[in-house]
Amino acid sequence: MDLAMLSGFAGGGQWLRAGCVVQGAEPTIDMTARNVTAHAGHIGYAQSSGLPGKPNGTPLTRTTDEPAVQNNRNTTCNRVPGPRPPGQQCDEYPFASTRDGGGGGGPARAYGRVRTDPCAQEKIPASIRMLPIPVPYFDGQGIDMCLMPGRDSMRGGGILSWFYLKNRALDGDQFYVKGL
């Protein structure tokens, strides 16, 4: 087994202790078991439309490059006009903290055609394709946006940060996400 030592600053004010990294390991985070139903559902929709990250499919690749992360945010939810409904936030997939995020290009998509659909949003720019539910395959590249309760979006981001730290996911490491 090829092991490498890891020690140093993890970002977000957190320091990692020395530990081992198993080279070539591709961990999976199961969002369905994390009490973030809207977040897990959004990931499932995105993966059904062809985006990467689904277990046994194409993995996501982590980036720690802060300008790239911000660019990913700017090309997804930050381009949807606000204000958002009270208590709601726009969530992007692939995650901004991946090389697969919004800055990678490809078509933009969202889901739902009526207000009662999960992820339904008003004021969507014409450049974003609205897909029906159940979600058909659309394209293996691109970005995806979903309006959801802010609690789920914030918790989902916190769980992802914990996952990176717990699994010592470094820049360029690949991983999978299980959604609904």
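The first residue of the sequence shown is numbered 1, and numbering continues consecutively from there. Heavy atoms only: backbone and side chains are in, while hydrogens, waters and symmetry mates are out.
- Interatomic distance, CG of L170 versus OG1 of T63, reported as 11.5 Å (0.5 Å rounding).
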**Audit row: R99, D65, salt bridge (Lys or Arg N to Asp or Glu O under 4.0 Å) steps and yes/no** = CA-CA 9 Å; R99 292 181 185 172; D65 177 14; over 6 Å; no

**Request:** Please lay out, stage by stage, how C77 and C90 fare under the test disulfide bond (SG atoms under 2.5 Å apart).
**Result:** CA-CA 6 Å; C77 290; C90 182; 2.1 Å; yes

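- In terms of heavy atoms, P52 sits closest to G140 at CD-O, 4.0 Å.
- Of all heavy-atom pairs between N167 and P27, the closest is OD1-CB, 3.6 Å.
- In this structure, the side chain of E66 does not engage the main chain of Q70 through any donor-acceptor pair within 3.5 Å.
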**Request:** Evaluate the side chain to side chain contact (heavy atoms under 4.5 Å, CB included) criterion for residues H39 and D91: first the C-alpha distance (whole Å), next the side-chain angles of each, then the deciding distance (0.1 Å), finally the verdict.
**Result:** CA-CA 8 Å; H39 191 68; D91 193 63; 3.2 Å; yes

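- Of the possible donor and acceptor atoms, none in the side chain of D152 sits under 3.5 Å from a partner among the backbone N and O of P149.
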**Request:** Check the pair Q89, M148 against side chain to side chain contact (heavy atoms under 4.5 Å, CB included), reporting the backbone distance first and the verdict last.
**Result:** CA-CA 6 Å; Q89 290 185 2; M148 68 176 61; 5.6 Å; no

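- Atom NZ of K54 is separated from atom OG1 of T28 by 13.0 Å, given to the nearest 0.5 angstrom.
- The shortest distance between side-chain heavy atoms of R62 and T64 falls below 4.5 Å.
- Applying the under-4.5 Å side-chain rule to Ile, Leu, Val, Met, Phe, Trp and Tyr, the cluster around Y164 extends to I29, M31, V36, I43, L51, L60, Y93, F95, I159, L160, W162, F163, F175, V177.
- Looking at D30, its side chain does come within 3.5 Å of a backbone N or O of T32 through a donor-acceptor pair.
- For the atom pair C146 SG and E92 CD, the distance stands at 11.0 Å (nearest 0.5 Å).
- Minimum heavy-atom separation, P55 to Y176: CA-CD2, 3.7 Å.
- T76 approaches N72 most closely through the heavy-atom pair OG1-O, 3.1 Å.
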**Request:** Could you walk me through whether T98 and T61 pass side chain to side chain contact (heavy atoms under 4.5 Å, CB included), step by step?
**Result:** CA-CA 5 Å; T98 66; T61 304; 5.8 Å; no

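- Across A46 and S49, no two heavy atoms sit closer than the pair O-OG, 2.7 Å.
- Side chains of R34 and R155 form no contact here, defined as non-hydrogen atoms less than 4.5 Å apart.
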